[in-house]
Trainee: 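Let me begin by handing over the structure; questions about it come next.
Chain letters run A, B, ... following the sequence lines, proteins first and then strands; every chain starts at 1. A quick note: this is a predicted structure, and the numbers were derived from the prediction, not measured.
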Number of protein chains: 2
Amino acid sequence: MIPDNAAATPSLLDACAPVRAILNRVGDKWSVLLVMALCAGPRRFNDLKRAVPGITQRMLTLTLRGMERDGLITREVFPTTPPRVEYALTELGRSLREPVEAIGQWAVANEAKIAAAQARYDAVNG
Amino acid sequence: MIPDNAAATPSLLDACAPVRAILNRVGDKWSVLLVMALCAGPRRFNDLKRAVPGITQRMLTLTLRGMERDGLITREVFPTTPPRVEYALTELGRSLREPVEAIGQWAVANEAKIAAAQARYDAVNG
DNA sequence: CTGAATCCCCGAGGATACTG
DNA sequence: CAGTATCCTCGGGGATTCAG
């Protein structure tokens with residue numbers, strides 16, 4: 001529960017509300033992997049399942065649903081037999097790649113520094 | 001557990017390993033709020049606790065520890081009575097602000113689109 | 001004041017089986 | 001093929017208490 005003084009300091013938490021919603025998706029392991037998997041073009045359900053090793057059907061469905069709800073991907077059903085469903089990034093979803101890749105490049109660029117810092121920290125502490 | 005065919009498709013998951021480590025921190029609610037709280041300058045423990053409404057002592061401690069281990073912040077102890085500990089962003093921590101703010105600006109810029117997409121989705125579905 | 005330690009709960013998410 | 005339904009566990013994280 002938010003304490004009583006929340007109204008006195010709303011700026012930080014409230015201002016970040018929409019940002020955090022995005023961060024929850026961006027920080028989500030499966031979402032990021034799916035965005036990357038969909039960069040090349042539309043893909044089918046089981047195709048994505050194979051492209052993202054380790055994901056379960058459940059999480060694939062849930063993540064795709066969430067991303068579709070956020071308008072990041074589209075879901076197109078072809079009424080064939082067997083059924084066929086294609087997922088594709090929307091313009092919005094593609095535009096998300098840029099800032100996400102900025103984070104990714106920061107991570108790659110500073111990977112060594114972070115590893116060194118961790119090694120230093122672990123050496124001093126247990 | 002990663003399935004046996006992990007070795008056959010290592011690129012996607014493995015290439016993202018360091019990135020995901022960062023994303024776990026960037027996507028972390030408390031980490032982001034702490035980075036923002038520390039932007040203005042060094043702050044003390046209880047000062048941060050007040051600045052980030054809703055955070056518990058436990059999570060504040062754990063998050064600060066993690067960020068210190070990653071080399072994002074420094075922890076300086078002043079052997080006074082009562083004890084006094086100041087936390088501050090490192091150069092690395094400050095450099096993280098840029099890509100994080102890129103995400104933030106994307107979120108703000110596309111907030112309306114996302115809300116609209118969600119409203120559309122919710123109108124069609126339950 | 002700055003933590004460490006403890007308890008506990010709840011929900012994300014994995015495994016499995018079933019359906020249109 | 002593309003999901004849905006069900007069960008279950010595992011750990012993140014909140015509340016509380018103790019310590020230096």
Trainee: What distance separates Asp70(A) CG from Asn110(B) CG, expressed to the nearest 0.5 Å?
Mentor: 11.5 Å
Trainee: Can you name the atoms? Protein N/O to nucleotides 3-7 of chain D N/O, anything below 3.5 Å, with the distance.
Mentor:
unit_1 : atom_1 : unit_2   : atom_2 : d
dG3(D) : OP1    : Arg75(A) : NE     : 3.3
dG3(D) : OP1    : Arg75(A) : NH2    : 2.3
dG3(D) : OP2    : Tyr87(A) : OH     : 2.5
dG3(D) : N7     : Gln57(A) : OE1    : 2.8
dG3(D) : O6     : Gln57(A) : OE1    : 3.1
dT4(D) : OP1    : Arg65(A) : NH2    : 2.8
dT4(D) : OP2    : Arg65(A) : NH2    : 3.2
dT4(D) : O4     : Gln57(A) : OE1    : 3.4

Trainee: Just how far is it from atom CG of Leu23(A) to atom CZ of Arg20(A), taken to the nearest 0.5 Å?
Mentor: 9.0 Å
Trainee: Donor-acceptor pair, distance only, cut-off 3.5 Å: does the side chain of Thr56(A) make one with the backbone of Met59(A)?
Mentor: yes
Trainee: Among the candidates dG14(D), dG14(C), dT2(C), find the nucleotide nearest to the side-chain atoms of Thr56(B).
Mentor: dG14(D)
Trainee: Nearest-Å distance, CZ (Phe78(A)) to P (dA2(D))?
Mentor: 11 Å
Trainee: Can you tell which of dC1(C), dG13(D), dG20(C) lies closest to the side chain of Pro82(B)?
Mentor: dC1(C)
Trainee: Do Tyr121(A) and Ile22(B) land in one hydrophobic cluster if side-chain heavy atoms of ILVMFWY residues count as linked below 4.5 Å?
Mentor: no
Trainee: For the pair made of CD1 in Ile73(B) and P in dT2(C), what is the distance, rounded to whole Å?
Mentor: 14 Å
Trainee: I need the CG-C1' distance between Leu62(B) and dA4(C), as an integer number of Å.
Mentor: 10 Å
Trainee: Nearest 0.5 Å, what's the CG-CG distance between Leu60(A) and Leu34(A)?
Mentor: 6.0 Å
Trainee: Glu86(B) and Arg84(B): salt bridge (charged side-chain N to carboxylate O under 4.0 Å, His left out), yes or no, with the steps?
Mentor: CA-CA 7 Å; Glu86(B) 276 196 353; Arg84(B) 170 183 181 172; 3.1 Å; yes
Trainee: Compute the angle between the rotation axes at the two ends of the helix from dC1(C)-dG20(D) to dG20(C)-dC1(D), each taken over five pairs, rounded to 10 degrees.
Mentor: 40°
Trainee: In this structure, how many angstroms lie between the P atom of dC8(C) and the CE atom of Met59(B), rounded?
Mentor: 20 Å
Trainee: Hey, is the main chain of Cys39(B) close enough, under 3.5 Å, to the side chain of Arg97(B) for a donor-acceptor pair?
Mentor: no
Trainee: Name the closest nucleotide to the Arg84(A) side chain, picking from dA2(D), dG20(D), dG14(D).
Mentor: dA2(D)
Trainee: Over how many whole Å does the gap from Leu60(B) atom CG to dG13(D) atom C1' extend?
Mentor: 13 Å
Trainee: Using whole Å, what does the distance between atom C1' of nucleotide dA2(D) and atom CD of Glu68(A) come to?
Mentor: 14 Å
Trainee: Mind calculating the distance between CG (Asn24(A)) and P (dG11(C)) to the nearest angstrom?
Mentor: 16 Å
Trainee: Using whole Å, what does the distance between atom P of nucleotide dA2(D) and atom CZ of Arg50(A) come to?
Mentor: 8 Å
Trainee: When you measure from the side chain of Thr90(B) to the backbone N and O of Gly93(B), does any donor-acceptor pair fall under 3.5 Å?
Mentor: yes
Trainee: Could you pull out all donor-acceptor pairs under 3.5 Å where a side-chain atom in residues 40-47 of chain A meets a protein atom, sequence neighbours excluded?
Mentor:
unit_1   : atom_1 : unit_2   : atom_2 : d
Arg43(A) : NE     : Ala37(A) : O      : 3.2

